[in-house]
Amino acid sequence: MATAAAPPQSVQIPDRLYFRIGDVCRLSGLKAHVLRYWEAEFPPLSPKKSGTNQRLYKRKDVELVLEIKHLLYDEKFTLEGAREHLQKRKSLIRSAPKPAPAPVAQGLLFDPRADWLAQAGAVRSELKSILRLLE
DNA sequence: CTTCTGACA
DNA sequence: TGTCAGTA
(Lines give C-alpha, C1' and ligand atoms only; values in the text may rest on other atoms or scores of the structure.)
Protein backbone atom coordinates (compact mmCIF):
# COMPACT_ATOMS: atom_id res chain seq x y z
CA MET A 1 0.00 0.00 0.00
CA ALA A 2 2.69 2.44 -0.98
CA THR A 3 0.31 4.63 -2.90
CA ALA A 4 -2.19 4.92 -0.10
CA ALA A 5 -4.58 7.61 -1.17
CA ALA A 6 -5.19 10.38 1.33
CA PRO A 7 -8.73 11.74 1.83
CA PRO A 8 -11.08 12.09 -1.18
CA GLN A 9 -8.74 14.34 -3.13
CA SER A 10 -9.91 13.56 -6.62
CA VAL A 11 -7.36 15.99 -8.03
CA GLN A 12 -3.62 15.43 -7.88
CA ILE A 13 -1.63 18.55 -7.10
CA PRO A 14 1.70 18.85 -8.98
CA ASP A 15 4.90 18.97 -6.93
CA ARG A 16 5.70 22.63 -7.44
CA LEU A 17 6.27 25.28 -4.78
CA TYR A 18 3.93 27.87 -6.21
CA PHE A 19 0.95 27.93 -8.55
CA ARG A 20 -0.42 30.90 -10.45
CA ILE A 21 -4.10 31.56 -10.58
CA GLY A 22 -4.32 30.00 -14.03
CA ASP A 23 -2.86 26.74 -12.71
CA VAL A 24 -5.32 26.66 -9.85
CA CYS A 25 -8.12 27.27 -12.36
CA ARG A 26 -7.19 24.16 -14.38
CA LEU A 27 -6.70 22.07 -11.24
CA SER A 28 -9.97 23.11 -9.68
CA GLY A 29 -12.09 23.82 -12.72
CA LEU A 30 -12.95 27.22 -11.26
CA LYS A 31 -12.76 30.62 -12.94
CA ALA A 32 -10.14 33.14 -11.86
CA HIS A 33 -12.69 35.70 -10.77
CA VAL A 34 -14.29 33.11 -8.50
CA LEU A 35 -10.97 32.39 -6.84
CA ARG A 36 -10.40 36.10 -6.28
CA TYR A 37 -13.90 36.48 -4.91
CA TRP A 38 -13.39 33.62 -2.46
CA GLU A 39 -10.36 35.38 -1.07
CA ALA A 40 -12.68 38.05 0.22
CA GLU A 41 -15.13 35.49 1.58
CA PHE A 42 -12.64 33.10 3.14
CA PRO A 43 -9.86 34.81 5.13
CA PRO A 44 -7.84 31.59 5.45
CA LEU A 45 -7.55 31.54 1.67
CA SER A 46 -4.78 34.10 1.25
CA PRO A 47 -2.22 33.22 -1.41
CA LYS A 48 1.03 35.12 -1.09
CA LYS A 49 1.52 37.94 -3.61
CA SER A 50 4.62 38.30 -5.76
CA GLY A 51 6.46 41.56 -6.16
CA THR A 52 4.27 42.36 -9.15
CA ASN A 53 1.12 41.58 -7.21
CA GLN A 54 0.66 38.17 -8.79
CA ARG A 55 -1.00 35.50 -6.62
CA LEU A 56 1.29 32.66 -5.54
CA TYR A 57 -0.70 29.69 -4.30
CA LYS A 58 1.02 27.01 -2.21
CA ARG A 59 -0.18 23.41 -2.00
CA LYS A 60 -2.18 24.21 1.12
CA ASP A 61 -3.93 27.03 -0.69
CA VAL A 62 -4.87 24.75 -3.57
CA GLU A 63 -6.14 22.12 -1.15
CA LEU A 64 -8.21 24.72 0.63
CA VAL A 65 -9.68 25.85 -2.68
CA LEU A 66 -10.67 22.27 -3.44
CA GLU A 67 -12.21 21.88 -0.02
CA ILE A 68 -14.19 25.08 -0.31
CA LYS A 69 -15.37 24.05 -3.75
CA HIS A 70 -16.57 20.74 -2.34
CA LEU A 71 -18.41 22.39 0.55
CA LEU A 72 -20.08 24.93 -1.73
CA TYR A 73 -20.92 22.91 -4.83
CA ASP A 74 -21.22 19.34 -3.56
CA GLU A 75 -22.46 19.77 -0.01
CA LYS A 76 -24.30 22.92 -1.01
CA PHE A 77 -23.16 24.94 1.97
CA THR A 78 -23.80 28.67 1.96
CA LEU A 79 -20.71 30.91 2.08
CA GLU A 80 -21.32 31.43 5.78
CA GLY A 81 -21.95 27.75 6.39
CA ALA A 82 -18.70 26.85 4.65
CA ARG A 83 -16.84 29.42 6.73
CA GLU A 84 -18.19 27.96 9.93
CA HIS A 85 -17.39 24.45 8.80
CA LEU A 86 -13.77 25.44 8.17
CA GLN A 87 -13.59 27.06 11.59
CA LYS A 88 -14.74 23.92 13.38
CA ARG A 89 -12.42 21.82 11.26
CA LYS A 90 -9.44 23.88 12.39
CA SER A 91 -10.38 23.87 16.07
CA LEU A 92 -10.71 20.10 15.86
CA ILE A 93 -7.19 19.83 14.49
CA ARG A 94 -5.92 22.03 17.33
CA SER A 95 -7.47 19.87 20.07
CA ALA A 96 -6.71 16.58 18.37
CA PRO A 97 -3.22 15.80 19.74
CA LYS A 98 -4.57 15.73 23.31
CA PRO A 99 -4.52 12.14 24.61
CA ALA A 100 -4.40 13.60 28.14
CA PRO A 101 -3.81 10.78 30.62
CA ALA A 102 -6.08 10.63 33.65
CA PRO A 103 -4.30 12.15 36.64
CA VAL A 104 -3.75 9.58 39.37
CA ALA A 105 -2.97 10.50 42.95
CA GLN A 106 0.58 9.66 44.00
CA GLY A 107 0.89 6.88 46.52
CA LEU A 108 -2.29 5.24 45.35
CA LEU A 109 -1.99 1.50 45.86
CA PHE A 110 -3.68 0.49 42.63
CA ASP A 111 -2.94 2.37 39.46
CA PRO A 112 -5.25 1.07 36.68
CA ARG A 113 -2.79 2.25 34.04
CA ALA A 114 0.11 0.19 35.32
CA ASP A 115 0.81 -3.34 34.18
CA TRP A 116 0.68 -6.31 36.54
CA LEU A 117 4.39 -6.39 37.22
CA ALA A 118 4.46 -2.72 37.99
CA GLN A 119 1.45 -3.02 40.23
CA ALA A 120 3.00 -5.91 42.11
CA GLY A 121 6.11 -3.85 42.69
CA ALA A 122 4.05 -0.90 43.84
CA VAL A 123 2.10 -3.04 46.27
CA ARG A 124 5.27 -4.57 47.63
CA SER A 125 6.98 -1.24 48.33
CA GLU A 126 3.74 0.10 49.71
CA LEU A 127 3.56 -2.80 52.20
CA LYS A 128 7.22 -2.31 53.08
CA SER A 129 6.69 1.28 54.09
CA ILE A 130 3.60 0.28 56.06
CA LEU A 131 5.55 -2.40 57.91
CA ARG A 132 8.27 0.13 58.65
CA LEU A 133 5.70 2.38 60.27
CA LEU A 134 4.54 -0.52 62.47
CA GLU A 135 8.01 -1.34 63.74
C1' DC B 1 -0.10 35.57 -23.43
C1' DT B 2 -1.44 35.77 -18.42
C1' DT B 3 -2.80 38.27 -14.39
C1' DC B 4 -4.43 42.35 -11.81
C1' DT B 5 -7.79 45.86 -10.02
C1' DG B 6 -11.98 48.14 -10.27
C1' DA B 7 -16.48 48.79 -11.98
C1' DC B 8 -20.90 47.41 -13.31
C1' DA B 9 -24.73 44.14 -14.68
C1' DT C 1 -21.09 35.21 -10.70
C1' DG C 2 -19.90 37.13 -15.30
C1' DT C 3 -17.68 40.51 -18.17
C1' DC C 4 -15.12 44.49 -19.86
C1' DA C 5 -11.32 47.85 -19.67
C1' DG C 6 -6.61 49.17 -19.33
C1' DT C 7 -2.35 47.47 -17.06
C1' DA C 8 1.92 45.33 -15.57
Side-chain angles (χ1 to χ4, degrees):
Chain A
M1 288 183 255
T3 59
Q9 199 106 88
S10 57
V11 188
Q12 38 186 322
I13 305 173
D15 185 15
R16 267 196 284 116
L17 185 52
Y18 289 119
F19 300 86
R20 298 172 326 192
I21 199 168
D23 302 319
V24 183
C25 286
R26 301 190 209 36
L27 290 173
S28 67
L30 295 166
K31 296 301 180 61
H33 65 268
V34 173
L35 291 176
R36 298 194 188 101
Y37 173 57
W38 285 1
E39 271 177 54
E41 299 299 322
F42 300 93
L45 177 59
S46 306
K48 179 183 175 183
K49 296 289 195 67
S50 74
T52 57
N53 210 26
Q54 302 277 293
R55 269 159 259 256
L56 300 175
Y57 294 82
K58 281 184 168 63
R59 291 189 91 75
K60 294 295 184 181
D61 296 318
V62 179
E63 289 173 15
L64 181 55
V65 165
L66 293 175
E67 186 174 0
I68 292 174
K69 178 192 175 187
H70 177 255
L71 293 175
L72 260 33
Y73 300 162
D74 297 330
E75 303 217 32
K76 308 210 179 299
F77 273 62
T78 58
L79 291 176
E80 195 176 306
R83 266 193 295 272
E84 293 174 0
H85 183 94
L86 291 177
Q87 287 292 319
K88 291 186 178 182
R89 196 210 57 170
K90 281 194 173 182
S91 58
L92 283 181
I93 293 178
R94 286 185 62 81
S95 58
K98 188 189 69 177
V104 176
Q106 287 195 336
L108 196 61
L109 208 53
F110 286 95
D111 181 347
R113 298 176 304 164
D115 60 74
W116 277 78
L117 226 55
Q119 284 195 55
V123 170
R124 196 178 67 115
S125 56
E126 195 75 17
L127 287 176
K128 268 190 176 180
S129 59
I130 290 176
L131 288 176
R132 248 201 311 282
L133 291 176
L134 296 178
E135 284 176 355

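Computed from a predicted model, the values in this text were never measured in an experiment. Letters go in sequence order (proteins before strands), and every chain restarts at 1.
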All stems that DNA chain C takes part in, i.e. 3 or more consecutive Watson-Crick or G-U pairs with distances under 3.5 Å, are B:4-9 with C:1-6
Using a cut-off of strictly less than 4.0 Å between a heavy atom of the residue and any atom of DNA chain B, enumerate the qualifying residues of residues 43-61 of chain A by number. Lys49(A), Asn53(A), Gln54(A), Arg55(A)
So with a 6.0 Å cut-off around CD of Glu41(A), is the heavy-atom count from everything else above 12? yes
Would you mind checking if Asp23(A) and Arg16(A) are paired as a salt bridge, meaning a charged N to carboxylate O distance below 4.0 Å? yes
Check whether any side-chain nitrogen or oxygen of His33(A) sits under 4.0 Å from OP1 or OP2 of dT1(C), and answer yes or no. no
Distance check: side-chain N/O of Tyr37(A) vs OP1/OP2 of dG6(B), anything under 4.0 Å? no
d(Ile68(A) CD1, Phe42(A) CZ) to nearest 0.5 Å is 4.5 Å
Please report the interatomic distance CZ(Arg36(A)) to CG(Leu30(A)), rounded to the nearest 0.5 Å. 12.5 Å
Starting at atom CG of Leu35(A), determine the distance to atom P of dT1(C), rounded to an integer number of angstrom. 10 Å
Run the side chain to side chain contact (heavy atoms under 4.5 Å, CB included) test on Leu86(A) and Leu71(A) for me, step by step, so that the C-alpha distance in whole Å, both residues' side-chain angles and the decisive distance to 0.1 Å come before the verdict. CA-CA 9 Å; Leu86(A) 291 177; Leu71(A) 293 175; 4.1 Å; yes
Please say which of Lys60(A), Arg89(A), Arg83(A), Lys90(A) ends up in a salt bridge (charged side-chain N to carboxylate O under 4.0 Å, His left out) with Glu67(A). Arg89(A)
Spacing between Glu39(A) atom CD and dT3(B) atom C1', to the nearest angstrom: 12 Å
If you count heavy atoms of other groups shown closer than 6.0 angstrom to NZ of Lys58(A), is the number above 12? yes
Among the nucleotides dG2(C), dT1(C), dT3(B), which one has an atom lying closest to any side-chain atom of Arg36(A)? dT3(B)
Return the value, rounded to whole Å, for the distance between atom OH of Tyr73(A) and atom P of dT1(C). 4 Å
What's the spacing between Trp38(A) CH2 and Ser28(A) OG if we round to 0.5 Å? 7.0 Å
